[in-house]
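Step one of this worksheet: look at the structure below.
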Amino acid sequence: MYKHVDYYKTYGRIMQFNKNKKEPIHRWYPFVEGYSKEFIQSILEEMNREHLVCLEPFSGSGTTALELQNNGIPCYSFEVNPLMFLIARVKLENGYDLSRIDYWLNFVKNKRSTVQVTLQTEFNTLYEGENKKKWNYNKEVGIAVEKLRVTVNMIDEEIYKELFMVALAAILLEVSNLYRNGKCLSYKKKWKERKLEEGNVYQLFDNKVLNEIRKDIETAKQKVIQNNKVMLHHEDSRVGIEEKVEDGTIDLVITSPPYLNSRDYTDTYMLELKTLGFTGTSDEIRELREKTLRSHVQIKWKDDTKINNELLAKTILKLEEAAKGIEQWNNSIIDMVRLYFVDMQKIFSVLYKKMKNNGRVYFNVSNSAYFNVLINTLEICSSIAENEGFKVIEIRDARELNTSPQQQKQVGKLLEGVIVLEK
Ligand SMILES: C[S@@+](CC[C@H](N)C(=O)[O-])C[C@H]1O[C@@H](n2cnc3c(N)ncnc32)[C@H](O)[C@@H]1O
């Protein structure tokens with residue numbers, strides 16, 4: 001057991017993205033699985049060094065790199081999901097010109113009503129149609145969304161095309177018949193009775209651009225000099241860090257990897273990925289899943305690799321025992337658990353190599369449970385990191401997360417925390 005420190009009060013609220021929803025620029029896209037900018041600030045207050053160079057292996061919507069950029073601190077970041085990569089790129093761009101935003105918004109307004117679109121997709125439930133039982137967008141909404149997508153793609157200044165694409169991405173869930181239900185998407189109550197017209201969609205889009213995005217750019221207090229956009233890479237961090245970051249150069253890592261919760265972010269953001277054409281076919285979805293950390297069971301992994309870790313070995317034995325008596329909803333769960341920690345070892349190993357002596361890692365993750373067996377991810381990750389050479393300073397207990405009612409009865413709530421490491 002590593003030293004646990006009670007951070008429930010300090011971290012309880014700031015480990016969620018919610019607080020970012022009111023913060024300029026951070027709020028442009030309502031991300032779910034992130035922490036708030038306050039978490040980054042609290043770490044900066046602890047660091048008593050100047051001229052920090054940082055690394056974020058799992059960028060998500062870019063909270064870490066953006067907050068560090070605002071503080072003049074360089075940060076390399078890596079993200080595999082093309083939607084998250086786009087959102088982070090757009091938030092990190094610091095050269096927007098208000099008059100160009102106005103120009104392109106006018107362009108979109110003029111073009112969108114005249115442009116011709118057909119609702120064609122490989123994904124059967126995306127748009128309303130004959131003989132369908134379920135659909136993500138009602139017909140008028142689908143048309144408006146597609147007209148906006150086509151029009152935004154006509155913008156020939158890249159940074160504004162990307163900016164408007166994020167504005168569109170940010171309203172998709174609201175105009176659709178879906179809501180994010182934890183790790184997946186579910187249908188809203190009485191979704192068939194929803195009556196949204198094309199004009200309602202345009203109104204929401206225009207409001208997003210004018211009342212949030214444009215406003216935040218206009219009111220940005222100081223000119224940001226640091227440019228973390230050029231240090232953001234659309235790459236699998238298990239591979240990309242080795243190539244893109246020099247050995248022994250990193251002072252600080254702040255990150256939150258995907259949790260071991262059997263779903264990947266491809267599912268949570270499927271609506272945006274499909275609608276905006278990031279993943280136009282099922283094969284492309286599969287390709288994306290293959291690049292993500294192995295925290296999910298949507299694809300079958302063919303990899304026998306094992307790592308040498310006592311706590312993990314014991315946990316896997318328990319899982320194998322427990323699984324015998326239970327009808328499994330997915331027979332890849334145990335492989336997923338094993339391979340998740342193989343990936344973690346890879347990450348800790350490359351982080352160690354890239355860090356300076358005395359460099360620090362803040363690693364936000366939570367425990368999991370399957371077949372009523374607790375997977376103590378916080379402790380297992382700590383011991384993997386230790387094997388790779390890190391000193392485990394402490395584990396900061398931040399929050400308790402709910403699991404399924406059945407698991408909760410046996411294993412209780414799941415601890416979320418922050419592992420603090422030093423090289
Ligand atoms: C918990 S989220 C990070 C949230 C982020 N700290 C924030 O506040 O926005 C984890 C991210 O890791 C990304 N990811 C998963 N596998 C990856 C990989 N192999 N390389 C880089 N990013 C990956 C996911 O797409 C997801 O966006």
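Just so you know, ligand 1 is whichever comes first in the structure, and atom 1 is the first atom listed for that ligand.
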Where ligand 1 meets E56 - atom numbers and elements under 4.0 angstrom, heavy-atom basis: 6 (N)

Atom CD of E46: over 12 foreign heavy atoms under 6.0 Å: yes

Atoms in ligand 1 flagged as close to T292, the criterion being non-hydrogen separation under 4.0 Å: 16 (N)

Sidechain N-carboxylate O distance under 4.0 Å for E212, K22: no

Selection from I254, L83, L293 by shortest heavy-atom distance to atom 16 (N) of ligand 1: L293

Any side-chain donor near an acceptor of the partner, S332 and K300, under 3.5 Å: yes

From P82, G60, S295, S256 - option closest to atom 10 (C) of ligand 1 by heavy atom: S256

4.0 Å heavy-atom contact, P57 with ligand 1: yes

Atoms in ligand 1 flagged as close to E235, the criterion being non-hydrogen separation under 4.0 Å: 20 (N), 21 (C)

Ring-ring centroid check F39 Y11, cutoff 6.0 Å: yes

Atom 1 (C) of ligand 1 - nearest protein heavy atom and its distance: Y265 OH, 3.1 Å

Option of least heavy-atom distance to atom 12 (O) of ligand 1 (set: F58, Y29, F78): F58

Check: Q226 main-chain N/O paired with N94 side-chain donor or acceptor under 3.5 Å: yes

Modelled atom types, side-chain donor and acceptor of E79 and H233, under 3.5 Å: no

Trace of the ring pair (Phe, Tyr, Trp, His ring centres under 6.0 Å) decision for F390 with Y352: CA-CA 7 Å; F390 283 107; Y352 192 79; 5.1 Å; yes

Per-atom contacts, ligand 1 versus S61 - under 4.0 Å to a heavy atom: 9 (O)

Per atom 26 (C) of ligand 1, closest listed option by heavy atom (E79, K37, K91): E79

Which of the ligand 1 atoms, numbered from 1, are nearer than 4.0 Å to a heavy atom of N81: 25 (O)

Element-labelled atoms of ligand 1 that are located less than 4.0 Å from some non-hydrogen atom of D236: 18 (C), 19 (N), 20 (N)

For F31, atoms of ligand 1 separated by under 4.0 Å from a heavy atom: 4 (C), 7 (C), 9 (O)

Contact check, G240 vs ligand 1, heavy-atom distance below 4.0 Å: no

Close-contact set for ligand 1 against M84 heavy atoms, below 4.0 Å: 27 (O)

Steps toward side chain to side chain donor-acceptor pair (under 3.5 Å) verdict (D283, T281): CA-CA 5 Å; D283 283 348; T281 64; 5.2 Å; no

D343 bridged to R238 by N-O distance under 4.0 Å: yes

T64 N/O to ligand 1 N/O under 3.5 Å: no

Distance flag, aromatic centroids of Y269 and F278, threshold under 6.0 Å: no

